[in-house]
Amino acid sequence: MDFRLSDEQAMLRESLSGWLARNYGFEQWRRLTARRPPYSLENWDSFAAMGWLRLAMPEDTGGMGLGAIEEAGVGEAFGSHLVVEPYLSSIVLSAGLIALAGTAAQQSAMLPAIGGGRLRIAFAHAEAESRFELSRIGTRAARTEAGYVLSGRKILVLDAPGADRIMVLARTAGDIAAEAGLGLFILDPKSQGVSLRSYTTVDDRQAADLVLDGAVAEEVLGDPEAAYPAVAAATDRALVYLCAEGVGAMSALCEQTLAYVRIRQQFGQPIGDFQVIQHRVVDMRVQLECARALTLYAASVADGEPLERARAASAAKVQVGRSARFVGRAAVQLHGGIGMTDELAVGHYFKRLLMVETLLGDIDFHQRRFASLPSELA
Amino acid sequence: MDFRLSDEQAMLRESLSGWLARNYGFEQWRRLTARRPPYSLENWDSFAAMGWLRLAMPEDTGGMGLGAIEEAGVGEAFGSHLVVEPYLSSIVLSAGLIALAGTAAQQSAMLPAIGGGRLRIAFAHAEAESRFELSRIGTRAARTEAGYVLSGRKILVLDAPGADRIMVLARTAGDIAAEAGLGLFILDPKSQGVSLRSYTTVDDRQAADLVLDGAVAEEVLGDPEAAYPAVAAATDRALVYLCAEGVGAMSALCEQTLAYVRIRQQFGQPIGDFQVIQHRVVDMRVQLECARALTLYAASVADGEPLERARAASAAKVQVGRSARFVGRAAVQLHGGIGMTDELAVGHYFKRLLMVETLLGDIDFHQRRFASLPSELA
Amino acid sequence: MDLSLNAEDRAFREEVRAFFREHLPVDIAEKTRRSFHLHPEDMLRWQRILHEKGWAAPAWPKRYGGPGWTALQRYIFDEELCMADVPLPLLAGQGVNMVGPVIYTFGSEEQKAHYLPRILSGEDYWCQGFSEPGSGSDLASLKTRAVADGDDYIINGQKIWTSLAHNSNMIYCLVRTDPAVKPQRGISMLVFPMDTPGITVRPIISIDRGHSLNETFFENVRVPRSSLIGEEGKGWTYAKFLLGHERFTIAEIARSKRRLQRLHQMARETAVGDATLADDPIFRDKTTAIEIDLLALERMGLRVAWEMDQGIDNMLSASILKLRGSQIIQAVTELSVEAMGYAGLAYESLESGCTHSPSAPDIAQGKMEEFLFLRAATIYGGSTETQQNILAKMIYAGA
Amino acid sequence: MDLSLNAEDRAFREEVRAFFREHLPVDIAEKTRRSFHLHPEDMLRWQRILHEKGWAAPAWPKRYGGPGWTALQRYIFDEELCMADVPLPLLAGQGVNMVGPVIYTFGSEEQKAHYLPRILSGEDYWCQGFSEPGSGSDLASLKTRAVADGDDYIINGQKIWTSLAHNSNMIYCLVRTDPAVKPQRGISMLVFPMDTPGITVRPIISIDRGHSLNETFFENVRVPRSSLIGEEGKGWTYAKFLLGHERFTIAEIARSKRRLQRLHQMARETAVGDATLADDPIFRDKTTAIEIDLLALERMGLRVAWEMDQGIDNMLSASILKLRGSQIIQAVTELSVEAMGYAGLAYESLESGCTHSPSAPDIAQGKMEEFLFLRAATIYGGSTETQQNILAKMIYAGA
């Protein structure tokens, strides 16, 4: 057992925190979220130039061959600065799925473009009726002469506005909830039969609901009936990334709140001198450390054996969800009225944490998933 | 709507608090619980003399014809002094059931004796497999020439050691969980086929497990196949009484804890000066007031329409259970080490609250029962 | 003791219910049901209907144009209002519930005659100038100065969190008239029009993206001496009177009941695979826990209402109502957002100033906005921590 | 970074497991499984077996007779011990885990040579004289005096919560040797036999009805100067060293895992109508929540163990371990009692000093006792509130 960062990990951390400190203050965030799509392609190019987009890609496609621990490093840094660029959707999920499910040819064709910042793919999986269940997919993909033709509805396709392509999880066979019979298909969002209803999300980013009505896929990733294991693995990786983002955001909130309570005067003293406030600051930190511990654990097993991977990812998501609730709410509360305003970063961290808590399954969902997996204690 | 106590209610409260203040200090409690059975027949006679045992009995059997509100008044006073005499088992439950289910002749025969302190009846309902489900009764009562013959096992028959008679809830017909087919039977604990395994309970009182093997009942209360509605009604009344006892005990704990934190010195000041302790004292009180409000409500409808009665009783039991957990634990915690000792009353209130929380159904059970009943909000 | 409603109160409930059923305009009911914000003109229209019936100011005595209801009747009125999705005449709230009672209790005859009818008719909409950037929960430390100058006061300073200042034509304000004495003693209450020269209102956008809050700046604002309510230096007393008036309504008991009812409905309409969210035992456990909390709160509230009618001032219970009420408000709105799942994360601002979640059903509209805005429920009107400090004082003093 | 156990650690785990399987006497294992209290002679017997293997003092360096394990190995050892229901050599605990490390770190060569082997062999059983009636969490305020008198100290005063004082033959004690200086500076640590004249032990019965705690009175107790550990006035430093040693073990991570495992088993054996408690989704939700809490605690614990092996002293994490550990201990024991339902309410004291619930299955025996006794888990070793004060100081100082 060794908790030390490798040289590579330490360098990555350095480069992330250095660049973000120079380029990603709250005012920058404000400018970015006023755009449509709400992020910067220049930033994206910089991420590509620094290699952050191809960290986890296989080396034979120009990637660095690193894993979930490094991706979590990116997540934590991005979370602490509220980075809005489409890393989760395009890199962790879509590129991750291409690496897991795509053929060698597909990998060589797409990964360098994604890693180089020239191609952004959004991932469409959720459907209104499935809540958080990954394999409950009603969207159908039918094989025809022209290729696979897709019909159905997807919701909350993160970063779809502005994406070059959309990857769709659709059913080629089997019952609505079956794990077998699922495939991954890549579409051009401008092609016929694809309509997007774009909207702003609660954290000032963008997503879209997607209606597919006979849309023809450009590409099917690997086996069109056996995508589920790759989707499950990529989702667990994405959970780790999200958890790390949550840890980063909570860490920023803990810092900002501590700084605020030490200067804010009420009743003739800084409110941070009140014991009740001190204990709340402690409880926030304890929650942060619990979330950090399980996120690191989940990252360390995310590239390993599926059962431990799934248990750890769900445990981390539950813990991060709970911690996010506590830390986010306490941060707003301790800031008082000013924490309720759009002017301060606090509220925006709070809303990003709400996304982190819910995306890819909320606390209840992952608590149940955790309980359904075999445990040495049960 | 009128929250004022009636003159009768005010007098009852006076007489209870006066007598208990004079006769029921913690040292008295200690002496009583060292006895077997762990209570005093002299006290019981005093209760009879003051009319407390026949408050809720019908006037034509020598009772005062009062209701659940007055019974709750007794419960609260008894709870605040940890009164150990068998009021819940013998008066609220057994006498209550005779009044509800017994024939006129049975009422005239037994209620005056109970109300006069000359007859104490324990109520055997719980079985190991039924957890808290009232109608899940496996003990059988078979009609024979000799009368009803009972076989089965009962657990946690409160105050059975020392009782003159035992009232047994047993099945004459129907499926194991059916509400129909239940009857109430009165046994002499010394008769053949009855064996008691007596033990101490966690709150230093006594109960017994009961094995019935062909025991012949002396009496069957009313209809031997239709006792359930009476049992449900009496149980809701008993829930109100228990809740009131909990309110009394919590109220004593709040007082004792406040008094303690104001004198206990640590770090050069009374610990009650620390803001964190102050807020804990506040939270204890808030919990107490929530419990008090719902208990009073449940008492006010306990003699009314069954649905509102059941909803209110379950809501009160849930709230009292939660409040008891919070108040009991906070009281021990704020007392520190000394709160952990047998020497102080605090730990004994804590353990009585554990009984109150669990008897006749715990928080989860009553939360579920509440949810299963129709609500204007659902 | 008899804790049920008597025949008179039950009849009153029916009367209120019938009135709402018959007189609430259909378009307003529909907008409220779908959580759209009402246009000020819609609010005024509804205010006029209430006023015509004599119900515009439920808490006011008859001699000032109120219905002269008991506290219990007001509670029933409020409950029927919430359950029927009748909009609160929000703009009128500060006038009706806050400054109105101060004016008829402490104001001069001229002030009563001038202001009270205009509040009832909806001609005047009021905002409150209490909080300042440096004095949130510590109100006594406020710094806005009013200096006597002949027959006038000249006001300089700044207020914050002035709800709806941008839609109001009147303000009631706490100002420091005497900086030499003990902080609480040097405060006075002034009332004056918002179009008085020297007043600037700057919007504050809150985390729900809405605009109801403002900063209000006073630069040499000159108002006549007749703007003073009651006596100079007694502003603190009037403010406490007013906040005491607020503590009951701020618990939002009936509103939480209605929110919980809608949450149940939302859960029944939310598919989870082959079943609905309402079938989920964990989710049901959470709604049940809140329902029981709310029932306890309601029973405390009814007791406080009864005590108010008896002339008993139960400060402890009123503070507990505010404390628990705000926690329950947050519990219900949190769970509502949780119930929405992914649908809640879509959150657009519409032209009308409303927010909208495209993938969510009608019943869930407005829930995210409520959730976000009501993070403030444990901050405004005395934060939870301040409320606990106050309660500790009362309990240590033997309450 | 590599957060999995390496081959060596895995082999170590197997070795420990095999040893317990082969050498733990069957009768002791059975008693532990059924939650009976062990007789002191049984404990001694097991202590001797461990000692023979060289495992009597897991944390001690090799040169003092310990196995020289890493912190991670100690964690693995502790986990195997808990999972196999191996009894903690409770009586030996104070000697092995507390005073032993103080003696080999700060004691004289004579003290080391005399005391350490006697701790390992089980010849000496120690108790701790720290707390006093007036100084619980505020240890620095202790009043027991030791006055130098020729070659001796004369001790007068009183200690409280002296665990197992009635079964111990040695005590290590904090005493005030200099009342003139700053409270922390005037404290020294003395070690002496419990049969020294002038010592009286009075039992304290705790709410679980057990007797493990005592009050210990000192009336002109004369002990030689050689009883002093290290330097006079440095007792506070040694105590902090010792309590730091305790913070890791006091989190009881492995023990909580074992308790949770037994709770799952109990739920499977508890009938609820036609099903079992383990099938109840609400109950399962509660156990799952605790299991996740515990997993987070374990991951923090492993990191602290690794840091200890790297010579990094992470005070913040150690305090969080104690804080969270004690909360989880209480959560598991609370839920265990809840699972028992009515069976937990029967609670008899047996002759042997054990408690017993007649209607409960074997697996549930001892659960009520644990629950009651472990209310103290958030009180002893620095109460939760004190721990939060300490953590606040560290965090405000930038930790």
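A, B, ... follow the sequence lines: proteins, then strands. Residue 1 opens every chain. Note that the structure is a prediction, hence the values are computed from the model and not measured.
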(request) Could you have a look at A:Val332, A:Asp209, A:Val346, A:Asp362 and say which one has the most heavy-atom pairs with chain C under 4.5 angstrom? (result) A:Asp209
(message) Salt bridge check, A:Arg136 against C:Asp274: does any charged N sit closer than 4.0 Å to a carboxylate O?
(response) yes
(message) Please determine whether a side-chain nitrogen of the Lys or Arg among A:Arg131 and C:Glu338 lies less than 4.0 Å from a carboxylate oxygen of the Asp or Glu.
(response) no
(message) To the closest 0.5 Å, what do you measure between CD (C:Glu334) and CG (A:Leu354)?
(response) 10.0 Å
(message) If you compare all heavy atoms of C:Leu345 against all heavy atoms of A:Leu156, which two are closest, and at what distance to 0.1 Å?
(response) CD1-CD2, 3.9 Å
(message) Taking atom CD as the centre, does C:Glu269 end up with more than 12 heavy-atom neighbours from other residues, nucleotides or ligands that are less than 6.0 angstrom away?
(response) yes
(message) Rounded to the nearest 0.5 Å, what separates atom OG1 in A:Thr200 from atom NE2 in C:His356?
(response) 12.0 Å
(request) Might you point out which heavy atoms bring A:Gly347 and C:Ile207 nearest each other, and give the distance in Å? (result) CA-CG2, 3.7 Å
(request) Report the C-alpha separation of A:Asp204 and C:Arg209 in whole Å, then their side-chain angles, then the decisive distance to 0.1 Å, and conclude whether the side-chain contact (heavy atoms from CB on, under 4.5 Å) test is met. (result) CA-CA 10 Å; A:Asp204 291 279; C:Arg209 295 198 202 127; 3.5 Å; yes
(message) Measuring from atom CD of A:Glu343 to atom OG of C:Ser206, what distance do you get when rounded to the nearest 0.5 angstrom?
(response) 10.5 Å
(request) Pick one of side chain, backbone, both or neither for A:Ile271, based on which atoms fall under 4.5 Å of a heavy atom in chain C. (result) neither
(request) Taking the side chain as every heavy atom from C-beta outward, state whether C:Asp138 and A:Gln265 have any atom pair closer than 4.5 Å. (result) no
(message) In the structure I gave you, are the side-chain heavy atoms of A:Gln333 and C:Arg375 within less than 4.5 Å of one another anywhere?
(response) no
(request) Verify the neighbour count for atom CZ of C:Arg145: are there more than 12 heavy atoms of other residues, nucleotides or ligands below 6.0 Å? (result) yes
(request) Count the heavy-atom pairs under 4.5 Å between each of C:Ile160, C:Thr355, C:Leu277, C:Val337 and chain A, then report the option with the highest count. (result) C:Leu277
(message) Between A:Val276 and chain C, with a heavy-atom cut-off of 4.5 Å, which part of the residue counts as in contact: side chain, backbone, both or neither?
(response) side chain
(request) For the residue pair A:Asp364 and C:Lys286, establish whether any side-chain heavy-atom pair is separated by less than 4.5 Å. (result) yes
(request) Taking the side chain as every heavy atom from C-beta outward, state whether C:Glu369 and A:Val202 have any atom pair closer than 4.5 Å. (result) no
(request) Measure the shortest side-chain to side-chain distance between C:Leu213 and A:Thr341 over non-hydrogen atoms and say whether it is less than 4.5 angstrom. (result) no
(message) Need one label for A:Phe274: side chain, backbone, both or neither, based on atoms under 4.5 Å from any heavy atom in chain C.
(response) neither
(request) Heavy-atom distances under 4.5 Å only: say whether C:Pro133 touches chain A with side chain, backbone, both or neither. (result) backbone
(request) For the pair A:Lys351 and C:Asp208, evaluate salt bridge (charged side-chain N to carboxylate O under 4.0 Å, His left out) and give the outcome as yes or no after the intermediate values. (result) CA-CA 10 Å; A:Lys351 289 189 277 185; C:Asp208 60 318; over 6 Å; no
(request) Side chain from CB out, backbone as N, CA, C, O: work out which of these in C:Ser141 comes under 4.5 Å of a heavy atom of chain A, or both, or neither. (result) neither
(request) Kindly compute the distance separating CZ (C:Phe373) from CE (A:Met340), expressed to the nearest 0.5 Å. (result) 5.5 Å
(message) Counting C-beta onward and ignoring hydrogens, is there a side-chain heavy-atom pair between C:Thr386 and A:Gln266 closer than 4.5 Å?
(response) no
(request) Examine whether an atom of C:Ser349 lies under 4.5 Å from a heavy atom of chain A, and if so say whether it belongs to the side chain, the backbone or both; otherwise answer neither. (result) neither
(message) Is any side-chain heavy atom of C:Thr378 closer than 4.5 Å to one of A:Arg329?
(response) no
(message) I'd like to know if the side chain of C:Tyr342 and the backbone of A:Leu360 have a donor-acceptor N/O pair within less than 3.5 Å.
(response) yes
(request) Pick whichever of A:Gln367, A:Glu133, A:Gln206, A:Arg197 has the most heavy-atom pairs under 4.5 Å with chain C. (result) A:Arg197
(request) Sort out for me which of C:Ser383, C:Ala343, C:Gly134 touches chain A most, counting heavy-atom pairs under 4.5 Å. (result) C:Gly134
(request) Kindly check if the number of other-residue, nucleotide or ligand heavy atoms within 6.0 Å of CZ (C:Arg185) is above 12? (result) no
(request) Could you tell me which non-hydrogen atom of C:Gly341 sits nearest to which non-hydrogen atom of A:Phe132, and how far apart they are? (result) CA-CZ, 4.0 Å
(message) Does any part of the side chain of A:Phe350, heavy atoms only, come nearer than 4.5 Å to the side chain of C:Leu372, both counted from C-beta?
(response) yes
(message) Taking side chain as everything from C-beta outward and backbone as N, CA, C, O, which of these in A:Arg205 sits under 4.5 Å from a heavy atom of chain C? Side chain, backbone, both or neither.
(response) neither
(message) Before we go on, tell me: are the rings of C:Tyr347 and A:Tyr199 under 6.0 Å apart, centre to centre?
(response) no
